[in-house]
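Position 1 is the first residue of the sequence, and the numbers go up from there. All values below were derived from every heavy atom in this structure, side-chain atoms included, with hydrogens, water molecules and symmetry-related copies excluded.
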Amino acid sequence: MKYIQESGAEYIVVNDTPFRQDPIHSVTTRLEMDPIEFCREISGMESTQQSELMTPFEAADKICRDIVAELSSESEFSNELQVVKTIFENIPDRCGLFLGNSMPIRDADACGFTSNKTVNVVVNRGASGIDGNLATVSGFAAGIDRPTVALIGDLAFLHDLNSLSLISKSRVPITVVVINNDGGGIFSMLPVSESNDHFERLFGTPHGLTFERAAEMFDLMYFKTGSPVDLRNNCTVAFNSGQSSIIEVCTDRQANAEEHKRLFAKVESAIAGLI
């Protein structure tokens with residue numbers, strides 16, 4: 001949004017409702033129609049010239065992909081982006097993918113992973129917060145009637161623990177990959193993390209729990225993994241089992257935050273060289 005706001009460029013919004021969608025007050029043209037239909041209409045149009053932005057954007061995208069690809073060589077999970085990347089690389093074709101609130105959806109967006117697989121993706125956004133993530137997964141899987149993978153954080157998992165009952169009764173297999181960093185990982189990315197006196201109690205909110213007993217309570221397969229290699233192997237077993245399961249990935253919240261900052265700084269520095 002900041003980039004759009006400072007560019008001074010023409011800014012077109014396509015939305016199928018008459019309501020405003022202009023938080024930065026920069027929209028120059030508003031089209032009220034179905035965005036999918038809009039894309040179909042313009043797909044047949046021939047452009048007179050290629051955008052001058054295409055080349056640097058493609059170069060920047062390759063830089064990001066190459067740097068994220070380096071995570072595959074790590075032997076342990078120092079950065080939770082590794083978890084997202086591993087799931088994206090191993091998710092079966094023709095299945096559903098639910099991305100949890102907070103860091104999972106942001107890490108998935110940061111990875112920018114592309115694939116030829118057909119995957120239905122759904123998220124809870126807006127005021128939903130971390131409530132009801134597992135219930136949403138259950139309903140989503142039932143709706144598409146396909147095996148489904150859910151990637152969520154530990155607090156979202158705890159907030160909706162009773163919905164594991166729905167997942168255990170699902171007619172299609174659901175694999176819940178829960179990233180357990182013992183608290184609210186997103187807050188470690190924000191300036192509030194520098195408030196040493198109250199950060200852990202009010203924002204970090206460590207719980208000190210793991211989830212093997214929760215899986216046992218609801219008769220779900222359970223895997224605990226500590227490395228990308230383990231996660232790939234566990235995904236293979238879980239996805240091929242035809243049963244619903246929980247894969248728990250334990251990470252270090254502080255180390256993850258530091259690695260995110262290091263990775264983003266590396267990307268920013270590399271992209272700056274294009275200008």
Which heavy atom in [X] sits nearest to a heavy atom in [Y], and how many Å separate them?
| X | Y | value |
| --- | --- | --- |
| Gln82 | Pro228 | NE2-CG, 3.9 Å |
| Gly204 | Arg253 | CA-NH1, 3.5 Å |
| Ala255 | Asp252 | N-OD1, 2.7 Å |
| Cys95 | Pro147 | CB-O, 2.9 Å |
| Gly96 | Ile91 | O-CD1, 4.2 Å |
| Ala108 | Leu99 | CB-CD1, 3.7 Å |

Can you give the donor-acceptor pairs under 3.5 Å from side chains of residues 212-223 to other protein atoms, not counting sequence neighbours?
from   : atom 1 : to     : atom 2 : distance (Å)
Tyr222 : OH     : Glu248 : OE1    : 2.5

Does the side-chain hydrogen bond (donor to acceptor under 3.5 Å, both in side chains) test come out yes or no for Thr251 and Asn256, once each step is laid out?
-> CA-CA 7 Å; Thr251 63; Asn256 174 61; 5.9 Å; no
Pair Arg171 + Asp145, salt bridge at N-O below 4.0 Å | yes
Please check this pair: side chain of [X] against backbone of [Y], looking for a donor-acceptor N/O pair closer than 3.5 Å.
| X | Y | value |
| --- | --- | --- |
| Ser43 | Arg40 | yes |
| Asp160 | Asp131 | no |
| Asp61 | Arg65 | no |
| Ser193 | Leu190 | yes |
| Asp154 | Pro206 | no |
| Asp182 | His207 | yes |
| Thr236 | Arg232 | yes |
| Ser227 | Asp230 | yes |
| Ser241 | Ala238 | yes |

Under 6.0 Å from the NZ atom of Lys169, do we count more than 12 heavy atoms belonging to anything else shown?
-> no
Crowding at CD1, Ile36 (>12 non-hydrogen neighbours, <6.0 Å) | no
For the atom pair [atom1] ([X]) and [atom2] ([Y]), what is the distance rounded to the nearest 0.5 Å?
| X | Y | atom1 | atom2 | result |
| --- | --- | --- | --- | --- |
| Thr17 | Asp34 | OG1 | CG | 11.5 Å |
| Glu89 | Lys117 | CD | NZ | 8.5 Å |
| Ile105 | Ser102 | CD1 | OG | 10.5 Å |
| Asp93 | Arg146 | CG | CZ | 8.5 Å |
| Leu231 | Lys224 | CG | NZ | 14.5 Å |
| Leu158 | Phe211 | CG | CZ | 4.0 Å |

Set of salt bridge (charged side-chain N to carboxylate O under 4.0 Å, His left out) partners for Arg94, sequence neighbours left out = none
Linking I/L/V/M/F/W/Y whenever any side-chain heavy atoms sit under 4.5 Å apart, do [X] and [Y] land together?
| X | Y | result |
| --- | --- | --- |
| Val149 | Val119 | yes |
| Val237 | Val172 | no |
| Ile152 | Ile246 | yes |
| Ile12 | Ile4 | no |
| Val122 | Leu166 | no |

Start with the C-alpha gap between Val14 and Met33, add the side-chain angles, then the distance that decides, and say whether side chain to side chain contact (heavy atoms under 4.5 Å, CB included) holds.
-> CA-CA 6 Å; Val14 183; Met33 66 180 298; 3.8 Å; yes
Would you say that [X] contacts [Y] through its side chain, given a criterion of any heavy-atom pair below 4.5 Å between the two side chains?
| X | Y | result |
| --- | --- | --- |
| Asp107 | Val83 | no |
| Thr55 | Gln50 | yes |
| Phe187 | Thr205 | no |
| Val13 | Asp22 | no |

Run the numbers on Ile271 and Cys64 for side chain to side chain contact (heavy atoms under 4.5 Å, CB included), then give the verdict.
-> CA-CA 8 Å; Ile271 290 177; Cys64 294; 3.9 Å; yes
Pick one: which of Ile130, Asn133, Val178 meets side-chain contact (heavy atoms from CB on, under 4.5 Å) with Phe157?
-> Val178
Report the C-alpha separation of Leu151 and Val84 in whole Å, then their side-chain angles, then the decisive distance to 0.1 Å, and conclude whether the side chain to side chain contact (heavy atoms under 4.5 Å, CB included) test is met.
-> CA-CA 8 Å; Leu151 181 64; Val84 180; 3.7 Å; yes
Give the C-alpha distance, both sets of side-chain angles, the deciding distance and a yes or no for salt bridge (Lys or Arg N to Asp or Glu O under 4.0 Å) between Glu258 and Lys261.
-> CA-CA 5 Å; Glu258 292 171 356; Lys261 292 172 185 175; over 6 Å; no
I'd like to check the side chain to side chain contact (heavy atoms under 4.5 Å, CB included) partners of [X]; sequence neighbours left out, ordered by chain and number.
| X | result |
| --- | --- |
| Asn116 | none |
| Thr28 | Glu10, Tyr11 |
| Pro56 | none |

Please, which pairs that meet ring-ring contact (aromatic ring centres under 6.0 Å, His included) have at least one residue in residues 12-62, sequence neighbours excluded?
-> none
Run the numbers on Arg106 and Glu80 for side chain to side chain contact (heavy atoms under 4.5 Å, CB included), then give the verdict.
-> CA-CA 11 Å; Arg106 288 171 172 83; Glu80 290 170 8; over 6 Å; no
